[in-house]
Amino acid sequence: MINEKIKIICCILILGIILLCWGIQLPYTKAWETGALEIFAQNHLRYGFALTRAVPVVNLIDGTPNYYRSHPPLVPILIALSFKMFGIHEWSARLVPIIFSLLELLFFYLLIEFISGKRTALFSSIVMIFLPMFNYYGRIVNYESVTLGITVAFLYFFFKFVYTQKKMYLVFLLSVALLGMMSDWPFLLIFPALLPVILYKRSSFKIYLTLILLAFIIPVGIILYFNRVTEVPALIQFYSFLSRCQYKNILSDGGFYQVLTKRLILNFTPIGCLFLLVWFFMVLRKKLIRNEKINLVATILLIFGFSLVCIAPQAAYIHVWALQYLAPAIALITALVMLQLKKQLRLFCFSVFVIFSLLYFAKLHLVRFDGCYEAAKLLPAVVSPKHILYTNAISPINFYSSLESHYFSVGVKQDGVPEDFIQNKSPAYVCFIMYAHEPSFDHSKLTEILFRKRYKIIYNQKGIELWSCYNNSSN
């Protein structure tokens, strides 16, 4: 029995590895592959944890760390450890989210098997693997993959402890909760999502209160630590989170719902979205399966997945991978509805689901934006290690250059141009300006300075709006 379970889990993980590791070695050529977390990880290694103090660092300004305070510190630290072990590569950065996506798949199977049995667990896991939101976005370097993997593990240990009362599971539960709070703030959304469990099983109330207390102490501790290190008031950090909660502007925009619907259909397939609606109808009519526990788990996962969209709609509007938190819920719900169908109809629906998933999976891999990568390849011919790289946003160019990087959005003066750039205080510069139509950036002022300082301008050969400039006198 145990050997059979291990074989099933190994087969599931192997299939997950094949899809998640597809193109793991490719350079960053996607619009969403900014290299930001990789730069934070590089800086941990470059400057040392004694200087960064485990807080993400964008760059140094006059020797002082320019901290990034929007997220907890765990993920860049994990990527830095991967870089330390395997070297600085695209694949070693992607290895971190891939490992946690596989952990998500493992604990998802174990959770569903514990609640509803092997058949439901196996089918739900296969559906999960084929979701584009899992097999593609589960491999890009971001916070969501790590946080989601930890969240599913947390749910597994929570249900195991609630139903077995074994102290071993309580130790694992508290340890995983600590890791989750250090990964990213959306992990905290799992606690209100657990409220249906309290109503269903009153004996879980005590452990729930303990977790709620922990969910207050740890995040407050992280914010206070950031405050001490960065010398930025905690209220400002809280305000940066509230900037993602612009309900009035986003929710009143019809385009938001259009974008959200399109992303749900593409990344969870039309079958997944259709069966989500069918599941709602069947639950309301009490025509689903009799196992109330599995519907409880599906409800918890669904509340957790949609919570970020409801609380921070701007984040969901800007970042398609914010919907990644819905993957376990939709995978389980799709499987539950499919298992209620007759065999022939189930096979047809599953085939359509897999075909659509793989087609969109292929499209996501084929879409490329080579501008940043091609520009980065120009650097060795025109720069030396003493150059300073200026950009108006974090990009793969900063990651590939290995140069000290400054950003026009940090400490800027004179219409978005840094003072030391204007006065030519540094010995030499390399400057890449992306997104030339960005309204917050005055490119005419920069162009005037570049020509006045006799900067040489190299235009990208593919016509992409990206300039490469360097001080001609420094060569």
Side-chain angles (χ1 to χ4, degrees), residues 1-24 91 94-139 145-146 148-161 163-164 166 168-169 171-173 175-176 269 271-272 275 289 291 293-294 297-298 301 324 327-344 346-355 357-358 361:
M1 193 74 177
I2 294 177
N3 289 335
E4 182 185 1
K5 181 176 180 178
I6 292 175
K7 288 179 182 178
I8 291 173
I9 290 174
C10 287
C11 290
I12 291 171
L13 292 179
I14 289 171
L15 182 56
I17 288 170
I18 292 172
L19 293 178
L20 287 167
C21 291
W22 194 277
I24 189 177
W91 67 265
R94 291 180 176 128
L95 193 61
V96 173
I98 287 173
I99 288 173
F100 278 88
S101 291
L102 292 172
L103 286 174
E104 173 193 351
L105 189 59
L106 170 63
F107 283 106
F108 180 71
Y109 175 86
L110 294 175
L111 171 64
I112 305 307
E113 185 198 39
F114 176 70
I115 297 297
S116 188
K118 181 175 65 177
R119 181 170 178 256
T120 307
L122 177 59
F123 200 66
S124 299
S125 299
I126 293 173
V127 171
M128 169 89 90
I129 291 170
F130 282 103
L131 287 177
M133 185 53 76
F134 174 82
N135 58 39
Y136 182 80
Y137 287 100
R139 65 185 283 282
S145 298
V146 176
L148 188 52
I150 295 173
T151 303
V152 176
F154 170 85
L155 278 177
Y156 170 71
F157 290 121
F158 178 80
F159 276 95
K160 288 290 282 188
F161 175 72
Y163 284 100
T164 66
K166 291 183 179 180
M168 174 183 68
Y169 293 119
V171 173
F172 283 125
L173 176 65
S175 301
V176 170
T269 77
I271 295 291
F275 283 3
I289 57 179
N291 188 342
K293 293 180 185 177
I294 196 64
V297 172
L301 289 171
Q324 198 171 337
I330 294 183
L332 175 57
I333 288 170
T334 301
L336 289 176
V337 176
M338 277 194 187
L339 289 172
Q340 301 303 302
L341 303 176
K342 292 183 178 180
K343 187 175 180 180
Q344 293 81 359
R346 183 194 314 153
L347 181 61
F348 173 77
C349 290
F350 182 72
S351 300
V352 173
F353 166 77
V354 171
I355 291 170
S357 299
L358 292 179
F361 173 81

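These numbers come from the heavy atoms of this one structure, side chains and all, not from hydrogens, waters or symmetry mates.
In terms of heavy atoms, Ser145 sits closest to Pro97 at CB-CB, 3.7 Å. Closest approach of Glu104 to Met128, counting heavy atoms only: OE2-CE, 3.5 Å. The two residues Ile129 and Ile12 have their closest heavy-atom pair at CD1-O, 3.4 Å. Here the closest non-hydrogen pair linking Phe107 and Val152 is C-CG1, 3.7 Å. Between Arg346 and Leu341, the closest heavy-atom pair is NH2-O, 3.1 Å. For the pair Val127 and Phe353, the tightest heavy-atom approach, listed with the atom from each and the gap, is O-CZ, 3.5 Å.
Atom CE of Met168 is separated from atom NZ of Lys166 by 6.0 Å, given to the nearest 0.5 angstrom. The CG atom of Leu301 lies 7.0 Å from the CZ atom of Phe108; values are rounded to the nearest 0.5 Å. Summarising the geometry, atom OG belonging to Ser124 is positioned 11.0 Å from atom CG belonging to Leu105; distances are rounded to the nearest 0.5 Å. Here the CZ atom belonging to Phe157 is positioned 8.5 Å from the CG atom belonging to Leu110, to the nearest 0.5 angstrom. Rounding to the nearest 0.5 Å places CG of Leu332 at 13.5 Å from CZ of Phe275. Distance CD1/Ile18 to CG/Asn135: 12.0 Å, rounded to 0.5 Å.
No side-chain heavy atom of Phe130 sits less than 4.5 Å from a side-chain heavy atom of Thr269. For the pair Ile6/Cys10, a side-chain contact is recorded, criterion being any heavy-atom separation below 4.5 Å from C-beta on. Side-chain contact between Leu155 and Val297 is absent, with no heavy atoms from C-beta onward closer than 4.5 Å. Inter-residue side-chain proximity for Phe134 and Leu20 is flagged as met; some heavy-atom pair is nearer than 4.5 Å. Side-chain contact between Lys160 and Leu173 is absent, with no heavy-atom pair separated by less than 4.5 Å. In this structure, the side chains of Leu336 and Gln340 stay at 4.5 Å or more apart for every pair of heavy atoms.
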Step-by-step side chain to side chain contact (heavy atoms under 4.5 Å, CB included) determination, Phe100 to Ile150: CA-CA 7 Å; Phe100 278 88; Ile150 295 173; 3.8 Å; yes

Tell me, with the steps shown, if Leu102 and Leu106 meet side chain to side chain contact (heavy atoms under 4.5 Å, CB included). CA-CA 6 Å; Leu102 292 172; Leu106 170 63; over 6 Å; no

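Taking the six-membered ring where the residue is Trp, Phe350 and Phe123 present tilted rings, their angle falling between 30° and 60°. Classification of the Phe114-Tyr156 ring pair by plane angle, with boundaries at 30° and 60°, yields perpendicular.
In this structure, Ser101 contributes its side chain and Gly138 its backbone to a donor-acceptor pair below 3.5 Å. A donor-acceptor contact shorter than 3.5 Å is absent between the side chain of Ser116 and the backbone of Ile112. Remark: side-chain polar atoms of Arg94 are not paired, donor with acceptor, to backbone N or O of Arg139 under 3.5 angstrom.
A cation-pi arrangement is present between Lys293 and Tyr163, with the terminal nitrogen or guanidinium carbon under 6.0 Å from the aromatic centre and inside a 45° cone about the axis.
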